[in-house]
Protein chains: 2
Amino acid sequence: MNEIEKFKEKLKDKGYKLTTQRRVILDVITENRDKHLSSEEIYDLVRLKYPEIGLATVYRTLQLFEELGIVYKLNFDDGRNRYELYHNENHQHHHLICLKCGAVIEMEGDLLENLEEAIEETKDFEIIDHNVKFFGYCSKCRSRYN
Amino acid sequence: MNEIEKFKEKLKDKGYKLTTQRRVILDVITENRDKHLSSEEIYDLVRLKYPEIGLATVYRTLQLFEELGIVYKLNFDDGRNRYELYHNENHQHHHLICLKCGAVIEMEGDLLENLEEAIEETKDFEIIDHNVKFFGYCSKCRSRYN
DNA sequence: TTGACAATTGAAAATGAATATCATAAACTA
DNA sequence: TAGTTTATGATATTCATTTTCAATTGTCAA
């Protein structure tokens, strides 16, 4: 079963239909798996392939994809939702955001074990997900010629 | 030098004036140092003491206070800015957000040393600040009668 | 104390991202 | 293929926040 078939199954399971729009949106996200596109950016890319699409459809679809676990919603504090393709390592990587140039760097690995352990124990809090961002200066912006 | 005097100094240093509005907003934030009030909530509390104040003034003042390091802006992914009084331990505590009841629990202590070390070394990224949130279920919501 | 001048304010309009509405247009299924 | 949903696009709406601008208020120098 190929990717599209799997996708179709995932939709049908919940009673959703496979439409051209949804397929194109998935394509755009898949082709940009290294990026962290905002809804508006996705809209612009989708329109190149399917100019008739409406903005509302893109927003609706991204919401749907998030519910279905197809994408993961990110928040970089820039006032817009961003998305990346869902993969199991989503919960095991963090984002480093450069305060100067805005670059977003991925930090693989979780390394939160001791912190999460401390929380579960001392606070009796069951952790489902976490959101960790680091703000600072990337190597490019740290060099004196930038 | 008392608190208000220090505050006045801080403003004057940057050429800002001490107005009644700013003083009242500071009072409200100080009196709620354990909370994480949103702009709108602060506006409502301020109006009890100073009904003539405008909403824009509250937004402007919160922005200013953030620049001056008087408050710290929080983002709990609920679509509004929240603020807490700035203290050095801001960077050394995290927020646990209950997915069921919305409670926000403070987790004192940082415990990110090993993670930050790994980032600075492997990514050549100079960390200035971090933002760590945990989502899950608080002890109250975990009990079977809730 | 008083100007004078810059900073500040309040009210209202504007913005921008996201959501809701609703009539029309596809998908899936019997 | 018809019939029943679900989905879509255009548009209006919401909500938090920001901007605008004329009027007001601090502050500092004289």
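Values below: every heavy atom of this structure, side chains too, minus hydrogens, waters and symmetry copies. Quick note on labels: first sequence line is chain A, next is B, and so on, each numbered from 1. Bear in mind the structure is a predicted one, so any value in this text is a computation, not a measurement.
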Inset, instruction - Indicate, yes or no, whether a donor-acceptor pair under 3.5 Å links the base of D:dT27 to the side chain of B:Lys12. - result: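 When only heavy-atom distances are counted, B:Lys12 does not reach the base of D:dT27 through any donor-acceptor pair under 3.5 Å.
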
Inset, instruction - Go through the N and O atoms of the side chain of A:Lys17 and the base of C:dA26, and report whether any donor-acceptor pair is under 3.5 Å. - result: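 When only heavy-atom distances are counted, A:Lys17 does not reach the base of C:dA26 through any donor-acceptor pair under 3.5 Å.
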
Inset, instruction - For A:Gln21 and A:Glu52, run side chain to side chain contact (heavy atoms under 4.5 Å, CB included): C-alpha distance rounded to whole Å, both residues' side-chain angles, the deciding distance at 0.1 Å, then the answer. - result: CA-CA 9 Å; A:Gln21 289 88 336; A:Glu52 320 88 284; over 6 Å; no

Measuring from the side chain of [X] (C-beta onward, heavy atoms only), which nucleotide among [options] has the closest atom?
X	options	value
B:Ala56	C:dA17, C:dC28, D:dT19	D:dT19
A:Arg80	D:dA10, C:dA18, C:dA27	C:dA18
B:Asn81	C:dG10, D:dT27, D:dT17	D:dT17
B:Lys8	C:dA11, D:dT27, D:dG9	D:dT27
A:Thr61	C:dG10, D:dT8, C:dA17	D:dT8
B:Arg60	D:dC28, C:dT8, D:dT20	D:dT20
A:Ser39	C:dA7, C:dA18, D:dT6	C:dA18

Interatomic distance, [X] [atom1] vs [N] [atom2] [rounded to whole Å]:
X	N	atom1	atom2	answer
B:Ile25	C:dT8	CD1	C1'	12 Å
A:Glu66	C:dT19	CD	C1'	15 Å
A:Glu41	C:dA17	CD	P	11 Å
B:Leu11	C:dT9	CG	P	10 Å
A:Arg47	D:dG9	CZ	P	12 Å
B:Tyr43	C:dA11	OH	P	8 Å
A:Arg23	C:dA26	CZ	P	16 Å
B:Glu52	D:dT24	CD	P	14 Å

Legend entry - Residue pair B:Glu108 / B:His93, side-chain donor-acceptor N/O under 3.5 Å: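 No pair is found: no donor N or O on one side chain lies under 3.5 Å from an acceptor on the other.
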
Legend entry - Contact nearer the 5' end of DNA chain D, comparing B:Thr19 with B:Lys73: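 Residue closer to the 5' terminus by nearest nucleotide: B:Lys73.
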
Inset, instruction - Establish, yes or no, whether the cationic atom of B:Arg47 lies under 6.0 Å from the six-membered ring centre of B:Tyr43 and within 45° of the ring axis. - result: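 Yes, B:Arg47 and B:Tyr43 form such a contact.
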
When all nucleic acid strands are considered with a 4.0 Å heavy-atom cut-off, which category describes [X]: base, sugar-phosphate, or nothing?
X	result
B:Tyr50	sugar-phosphate
B:Gln63	sugar-phosphate
A:Thr20	sugar-phosphate
A:Arg22	sugar-phosphate
B:Ser38	nothing
B:Leu55	base

Short side-chain N/O contact from [X] to OP1 or OP2 of [N], under 4.0 Å:
X	N	answer
A:Thr57	D:dA7	no
B:Tyr59	D:dT18	no
A:Gln21	D:dG9	yes

Inset, instruction - Of all the heavy-atom pairs spanning A:Val104 and A:Ile97, show the shortest one and how long it is. - result: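 Scanning both residues, the minimum pair turns out to be CG2-CG1, 4.4 Å.
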
Inset, instruction - Tell me whether the centres of the aromatic rings in A:His130 and B:Phe135 are closer together than 6.0 Å. - result: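 No: the rings miss the under 6.0 Å criterion.
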
Legend entry - Short N-O contact, B:Glu41 and B:Arg82, less than 4.0 angstrom: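 Looking at B:Arg82 together with B:Glu41, the answer is yes, because their closest N to O distance falls below 4.0 Å.
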
Inset, instruction - Measure the shortest side-chain to side-chain distance between B:Leu68 and B:Tyr86 over non-hydrogen atoms and say whether it is less than 4.5 angstrom. - result: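 They are not in side-chain contact.
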
